[in-house]
Peer 1: 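Quick one: this structure, given as structure tokens, is what I'll be asking you about.
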Amino acid sequence: MVKARQSRIGPRKPSSRAASSWTLTLTLLVTCSFLILILLALRIFSIPNDHSGLSKPNDLNNIARNTHITEGDLHDGEGRWVEIVSWEPRAFLYHHFLTKEECEYLINTAKPNMHKSTVVDSETGKSKDSRVRTSSGTFLARGRDQVVRNIEKRIADFTFIPVENGEGLQVLHYEVGQKYEPHFDYFMDAFNTKNGGQRIATMLMYLSDVEEGGETVFPDAKGNFSSVPWWNELSECGKKGLSIKPKMGDALLFWSVKPDATLDPSSLHGGCPVIKGNKWSCTKWMRVNEYKI
Ligand code: PD2
Ligand code: ZN
């Protein structure tokens, strides 16, 4: 009987096959990790970092996202909600911050005392008509009555800056053609910073709608400002930067200083000329220290 010839090589043992596929997988893993590390180091590739929908600074797409926010999300009981307008400068829009009655009250209280806005002539020291700001305005002393006190308390609550750090409210009125050229709200001289210190933030409240023009414009804001949903409604001046359209009751908070306490040049802002209608606004400037009226 012929005995079947047994192969000397024979089938491989299962344990050695498993060992070699493990080695292969491990080698692949090490190579991939090494490649990812090199790509990360060279910044060709980055780990997604989308924390609960927060957007990168300068990404103005968040404006479109926030305007479609559903009822109840960021709204408080009175229908107020906050919209992130920009991170450079840091600017936030509080919708329905003032009631219609409060807007009307501020206008009617200011009306009898409106004066043409002036600037001090640096040569004569006398006040002269300003070409920078062609509106008229007046100041309402801090805490002068209950309505003003309520508004000032609300500003303190929403900005986290104490009432005592705020200057008196300034009510401004712009007729057709009137404007406020781009400027900084922070001081650049030692004299003005003495009482209360530097201005750090501004709450700009709109007391009326404006049919055309009158936008608040930030010409040096960083980001693609033509991506705002209201781009087509802006005047020629409004299209020169990141712009907010005045809407009765809305309030725009922007910071003149950065979180590191240095002045923020991107806070340059102006009031575009009114083209159609009338504009009433009200400003509260806030200082570093307590401000004595
Ligand atoms: O009334 C405005 O729109 C305006 C614009 C820019 C007011 C101020 N600045 C201000 O009072 O500083
Ligand atoms: Zn200003």
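All values below come from the heavy atoms of this structure, side chains included, with hydrogens, waters and symmetry mates left out.
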Peer 1: To the closest 0.5 Å, what do you measure between CG (Leu98) and CE (Met203)?
Peer 2: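 With rounding to 0.5 Å, CG (Leu98) is 8.5 Å from CE (Met203).
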Peer 1: Let me confirm one number: the CD-CZ distance from Glu164 to Arg142, rounded to the nearest 0.5 Å.
Peer 2: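 That separation rounds to 6.5 Å.
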Peer 1: Sequence neighbours excluded, which residues qualify as ring pair (Phe, Tyr, Trp, His ring centres under 6.0 Å) partners of Phe184?
Peer 2: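 So Phe184 forms a ring pair (Phe, Tyr, Trp, His ring centres under 6.0 Å) with Tyr186.
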Peer 1: Is Lys276 paired with Glu211 through a side-chain N to carboxylate O contact shorter than 4.0 Å?
Peer 2: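 A salt bridge links Glu211 with Lys276.
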Peer 1: Measure from the side-chain N and O atoms of Glu233 to the backbone N and O of Trp230, and report whether any donor-acceptor pair falls under 3.5 Å.
Peer 2: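 Looks like no, no N/O pair under 3.5 Å.
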Peer 1: Using distance alone, with no hydrogens and no angle criterion, decide if Asn224 and Ser226 have a side-chain donor and acceptor under 3.5 Å apart.
Peer 2: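 On atom types as modelled, these side chains qualify, holding a pair under 3.5 Å.
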Peer 1: For Glu88, is there any backbone N or O sitting under 3.5 Å from a side-chain donor or acceptor partner on Trp255?
Peer 2: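 Answer holds: no.
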Peer 1: Quick check: Tyr174 with Tyr180 (ring centres under 6.0 Å apart)?
Peer 2: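 Distance test on ring centres: not under 6.0 Å, no.
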Peer 1: Under a 4.0 Å N-O cut-off, is there an ion pair linking Glu167 with Arg287?
Peer 2: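 Yes, charged N to carboxylate O under 4.0 Å.
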Peer 1: Judged by atom type as modelled, is there a donor-acceptor pair below 3.5 Å linking the side chain of Glu215 to the main-chain atoms of Ser235?
Peer 2: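 Such a contact is found between Glu215 side chain and Ser235 backbone.
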Peer 1: Quick one: OG on Ser281 to CD on Gln170, what's the gap to the nearest 0.5 Å?
Peer 2: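 With rounding to 0.5 Å, OG (Ser281) is 7.5 Å from CD (Gln170).
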Peer 1: In a check of side chain to side chain contact (heavy atoms under 4.5 Å, CB included) between Val171 and each of Leu207, Thr109, Asn113, which one passes?
Peer 2: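 The passing option is Leu207.
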Peer 1: Counting N and O atoms only, with roles assigned by atom type, does the side chain of His269 sit under 3.5 Å from a partner on the main chain of Thr216, one being a donor and the other an acceptor?
Peer 2: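 Side chain of His269 to backbone of Thr216: no pair is present.
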Peer 1: For residues Phe187 and Trp285, establish whether the separation of their ring centroids is below 6.0 Å.
Peer 2: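 So the answer is no for these two rings.
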Peer 1: Looking at Asn165 and Val288, would you say the former's side chain and the latter's main chain have a donor-acceptor pair under 3.5 Å?
Peer 2: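 Checking the backbone N and O of Val288 against the side chain of Asn165, a donor-acceptor pair under 3.5 Å is found.
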Peer 1: If you measure from NZ on Lys116 to OG on Ser135, what distance do you get to the nearest 0.5 Å?
Peer 2: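 Reported to 0.5 Å precision, the distance equals 7.0 Å.
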Peer 1: If you measure only the distance, is there a donor-acceptor pair under 3.5 Å linking the side chains of Glu104 and Asn108?
Peer 2: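 Side-chain D/A pair, Glu104 to Asn108: absent.
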Peer 1: Can Ile200 be reached from Val163 by stepping across I, L, V, M, F, W or Y side chains whose heavy atoms are under 4.5 Å apart?
Peer 2: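 Hydrophobic grouping puts Val163 apart from Ile200.
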Peer 1: Counting only heavy atoms not in Glu236 (residues, nucleotides, ligands), do more than 12 fall under 6.0 Å from its CD?
Peer 2: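 It does not: Glu236 CD has 12 such atoms or fewer within range.
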Peer 1: Does the pair Asp185 and Ser256 meet the rule for a side chain to side chain donor-acceptor pair (under 3.5 Å), with working shown?
Peer 2: CA-CA 7 Å; Asp185 281 357; Ser256 293; 5.2 Å; no
Peer 1: Working note: His96 + Asp250, criterion side chain to side chain donor-acceptor pair (under 3.5 Å); need CA distance, chi angles, decisive distance, verdict.
Peer 2: CA-CA 5 Å; His96 309 294; Asp250 285 358; 4.7 Å; no
